[in-house]
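When a ligand or atom number is given, it counts from 1 through the structure's own listing order. All values below come from the heavy atoms of this structure, side chains included, with hydrogens, waters and symmetry mates left out. Numbers for residues simply follow the sequence, beginning at 1.
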Amino acid sequence: MTSLINHLHAFIREVELTEEEWALAIQFLTRTGQMCDEKRQEFILLSDITGVTMLVDAINHRLPDGATESTIFGPFYRKGAPELPMGATISQDGLGESVVVTGRVLSTDGTPIPDALLDVWETDENGLYEQQDPEQPDMNLRGKFRTDREGRYCFVGIKPVSYAIPDDGPVGQLLRALGRHPFRPAHIHLLISANGFAPVTTHLFVKGDRYLDSDAVFGTKDSLVVDFIQHNSEEEAAHYHVAVPFYKVEYDFALKPLSKQTHFRITISYTHLTLP
Ligand code: BEZ
Ligand code: FE
């Protein structure tokens, strides 16, 4: 609190805040709070568009070289997505262009991780998540997949589209006042976990998307931008139970092994304490 208040006072001194500006700020924060309910969290959205969420993420997920980078979780995750077999589609309404996403989940030393869990979610072709759109079936475009013995995974989704974050509240007004757009570059969300490894919340972004350099929530990372390659082979399409043309993405994820050091330290100090 001491640090926060020091910085807050320094900001007010630096800009010589007027009483009108103070009143406007109070009004803005009040409206932000009033916009929140069980479905809408306008304060997190405010944190997202000011880069605070990604800064907290960067500080708390300092990963070793080679580990898949994390990015913003967002408000549209739902627990309880169905666990689906290898290669199944997460699209229940059949809209959009199919994409086959495949690769491996590895440890940072390159060892494949069997039985890792990939929990994936994305918007439909209209840029809306299933819970934002009464036309979509429950749990549309959500699914959980497990890696096989070689650490391989495969699922079918749809080629994601860029979409606007909710901008009908105070955060949207702030974006407009700043001359900023509300769009996020097209992406698929993934939450990847495995026993003995640090889980990672991440995305796959579409190379070439027009919003990659101006993500409204600063979530883009170069290492997560991938080529969605178009395929036209009827034979390959039949193999994946998709129509032509379809897209294919190949991506290996790497997880950081959980440290055994804490255990080790506790054991040593315990041994030390119990020595006569
Ligand atoms: C999302 O990618 O789902 C998201 C992230 C931050 C704010 C709004 C949406
Ligand atoms: Fe998203």
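Salt bridge absent: E42 and R31 never bring a charged side-chain N and a carboxylate O closer than 4.0 Å. With salt bridges taken as basic N to acidic carboxylate O contacts below 4.0 Å, one links R40 and D168. With respect to R149 and D115, no salt bridge is recorded, no charged nitrogen being found less than 4.0 Å from a carboxylate O. Using a 4.0 Å cut-off between charged side-chain N and carboxylate O, R104 and E150 make no salt bridge.
Between F183 and Y211, the gap from one ring centroid to the other is short of 6.0 Å. A ring-centre distance under 6.0 Å is found for Y77 and W121. Aromatic pair H7/H9: ring centres not closer than 6.0 Å.
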Pair E125, K159 - check salt bridge (charged side-chain N to carboxylate O under 4.0 Å, His left out), show working. CA-CA 8 Å; E125 61 166 8; K159 186 170 184 246; over 6 Å; no
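Proximity to P75 (heavy-atom distance under 4.0 Å) selects the following atoms of ligand 1: 4 (C), 5 (C), 6 (C), 7 (C), 8 (C), 9 (C). Atom numbering of ligand 1 starts at 1 in the shown order; those under 4.0 Å from a heavy atom of Y163 are 1 (C), 2 (O), 3 (O), 4 (C), 9 (C). Residue contact check: H187 has heavy atoms under 4.0 Å from atoms 2 (O) of ligand 1. Here is the list of ligand 1 atoms found below 4.0 Å of a heavy atom in H189: 1 (C), 2 (O), 3 (O). Residue D48 approaches ligand 1 through these ligand atoms, each under 4.0 Å from one of its heavy atoms: 6 (C), 7 (C). Atoms of ligand 1 found under 4.0 Å from any heavy atom of L45 (numbered from 1 in listed order, with element): 7 (C), 8 (C).
A side-chain donor-acceptor contact under 3.5 Å links S223 and E69. In summary, the side chains of T18 and E21 do present a donor paired with an acceptor at a separation below 3.5 Å, with no hydrogens or angles considered.
Within the protein, the N, O or S atoms lying under 2.8 Å from the Fe ion (ligand 2) are Y129 OH, Y163 OH, H187 NE2, H189 NE2.
Ring orientation note: the planes of Y129 and Y163 are nearly perpendicular, at an angle over 60° on the 30°/60° scale.
Look at F73 and you'll find every heavy atom at least 4.0 Å from all atoms of ligand 1. A heavy-atom separation below 4.0 Å is not found between Y77 and ligand 1.
From the protein, the heavy atom lying nearest to atom 5 (C) of ligand 1 is G74 CA, 3.5 Å. Remark: minimum distance from atom 2 (O) of ligand 1 to any protein heavy atom is reached at R184 NH1, 2.6 Å.
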